There are 2 protein chains.
Amino acid sequence: MARPSKKEHILREGLEVVRRKGFTAAGVRDITAAAGVPQGSFTNHFTSKEAFGLEILDRYFADVRDLIAATLRAPDLPPLRRLAAYFDAVTARLAERGWHHGCLVGNMSLESAEHSEAIRARLAAIFAEWREPFAECLAQARERGELADGAAPDDLADFLLSSWQGAILRMKVERDPAPLERFTRVVFTGVLRPPPR
Amino acid sequence: MARPSKKEHILREGLEVVRRKGFTAAGVRDITAAAGVPQGSFTNHFTSKEAFGLEILDRYFADVRDLIAATLRAPDLPPLRRLAAYFDAVTARLAERGWHHGCLVGNMSLESAEHSEAIRARLAAIFAEWREPFAECLAQARERGELADGAAPDDLADFLLSSWQGAILRMKVERDPAPLERFTRVVFTGVLRPPPR
DNA sequence: GCGACCAATACGGTCGTACATATTTATCGC
DNA sequence: GCGATAAATATGTACGACCGTATTGGTCGC
């Protein structure tokens with residue numbers, strides 16, 4: 001066929017640039033410079049910047065899937081513990097970036113969903129997939145009698161996912177983990193309470 | 001002084017353009033064109049685009065203050081009713097825009113907080129002020145025995161505010177009010193429950 | 001006539017994208 | 001084995017448009 005592609009390299013470094021600067025503000029030249037490739041390489045691998053945006057979204061969410069597998073689907077933990085493990089793991093990753101960059105999915109939701117119908121649709125699909133492991137966890141918790149009656153697991157899952165995005169938003173503004181900690185505190189003492197007995 | 005300034009006009013129309021396109025993507029020429037003024041007028045009234053951004057933030061939040069006064073501080077409603085009135089009023093405004101544009105504060109939090117320290121600081125101040133009427137409402141509800149013990153009013157207020165931003169984010173992606181409705185459903189049945197008796 | 005505002009134009013730089021050409025490599029006929 | 005071929009990738013450069021900002025002079029009201 002042909003020689004080894006630098007596409008992966010562009011995606012990896014480009015994702016990083018977009019996380020730092022935002023999708024609109026990150027120029028094609030910023031991306032290729034970070035990847036150490038000439039400008040033309042971008043055109044070769046991506047039909048447009050929008051197409052590139054779709055690919056980094058997929059790449060980012062693939063990583064989220066791994067995180068979900070390691071936490072929400074952990075085999076030997078009770079459901080609510082798995083939930084807590086997920087939020088803790090994300091918090092640790094956000095800490096690595098000094099509470100600066102937040103979540104690519106959330107960032108592009110507010111920045112790019114309006115500009116591009118393709119990106120908006122992809123984001124919607126991502127959120128739909130994202131909800132499932134949460135809903136499963138919550139359903140299991142209720143089944144085991146560890147979660148009081150209340151909203152349906154699907155509703156609760158979407159609520160947690162959305163609210164978590166809101167907490168990350170606040171974290172970005174305050175550059176401080178307090179909003180994340182407040183989230184887990186309120187959620188695990190107020191929202192996900194055990195049934196009365 | 002001098003002849004009537006077009007600054008207000010630029011701010012009003014510019015705010016609209018920024019809400020539609022995002023702060024980065026909205027060019028100075030877009031703004032002046034929407035206001036029907038020549039380009040130079042922008043330079044005359046704003047030392048930079050960043051300064052303009054700070055002013056539209058203030059302008060936007062002044063409107064939020066009015067909404068708060070009309071709902072969260074309504075004299076003749078019980079506290080939790082006032083909370084619901086606030087979320088309903090915001091939902092009505094988002095509906096006017098076809099669930100497209102979300103909240104300027106949230107948008108700039110994810111898009112511009114990283115680019116400009118001045119904007120980040122202003123956003124933090126806005127959120128701090130925003131929390132107060134919520135915290136008051138919640139404290140009153142607890143005082144009147146209409147809200148179960150749990151998280152401190154300050155924590156709960158920030159949690160609600162953040163989570164509401166998250167719900168708006170999801171609304172923007174799905175272009176549908178379902179996330180907003182889910183928010184109020186979960187919050188008013190699960191988070192803000194009455195004390196046991 | 002002075003200060004505040006309006007108006008027009010221009011600057012240097014960057015944007016996303018296009019394109020023509022060169023280089024590398026897997027595959028296949030032989 | 002081996003050279004030809006075709007496909008995929010790499011590269012360098014250029015386009016036209018737009019970016020935020022600056023500058024200059026005109027115009028109005030006090």
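Because the structure is a prediction, the values reported are computed rather than measured. FYI, side chains are in, hydrogens and waters are out, and symmetry mates aren't considered; it's all heavy atoms of this structure. Just so it is clear: chains get the letters A, B, ... in the order the sequence lines come, proteins before strands, and each one is counted from 1.
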Heavy-atom side-chain contact between B:H45 and B:L11 under 4.5 Å: no

Distance-only check: which donor-acceptor pairs under 3.5 Å involve side-chain atoms of residues 134-144 of chain B, not counting sequence neighbours?
| from | atom 1 | to | atom 2 | distance (Å) |
| --- | --- | --- | --- | --- |
| B:E136 | OE1 | B:R73 | NH1 | 3.2 |
| B:Q140 | OE1 | B:R82 | NH2 | 2.4 |
| B:R142 | NE | B:A148 | O | 3.3 |
| B:R142 | NH1 | B:A151 | O | 2.9 |
| B:R142 | NH2 | B:A148 | O | 3.0 |
| B:R142 | NH2 | B:A151 | O | 3.2 |
| B:R144 | NE | B:E146 | OE2 | 3.1 |
| B:R144 | NH2 | B:E146 | OE2 | 3.0 |

Each nucleotide N or O in nucleotides 11-15 of chain C that has a protein N or O under 3.5 Å away: list the pair and distance.
| from | atom 1 | to | atom 2 | distance (Å) |
| --- | --- | --- | --- | --- |
| C:dC15 | N4 | A:R29 | NH2 | 3.4 |

B:F23 vs B:L104 side-chain heavy atoms within contact, under 4.5 Å: no

Rounded interatomic separation in angstrom, taking NZ from B:K7 and C1' from C:dA4: 13 Å

Heavy-atom closest contact (B:K6 atom, B:V37 atom, distance): CD-CG1, 3.6 Å

Geometric class of the B:F127/B:W130 ring pair [parallel <30°, tilted 30-60°, perpendicular >60°]: parallel

Check: A:E114 side chain, B:G22 main-chain N or O, donor-acceptor pair, under 3.5 Å: no

DNA chain D contacts made by residues 39-46 of chain A, counting heavy atoms under 4.0 Å: A:Q39, A:G40, A:S41, A:N44, A:H45

Over all atoms of both residues, closest heavy-atom pair of B:R120 and A:V173: NH1-O, 2.6 Å

Separation of atom NE2 in B:H9 from atom C1' in C:dC6, rounded to whole Å: 15 Å

Close side-chain approach of B:Y86 and B:V64, heavy atoms under 4.5 Å: yes

Whole-Å distance separating the CD atom of B:E8 from the C1' atom of C:dC5: 15 Å

Below 4.0 Å: OP1/OP2 of D:dT11 and any side-chain N or O of A:K6: yes

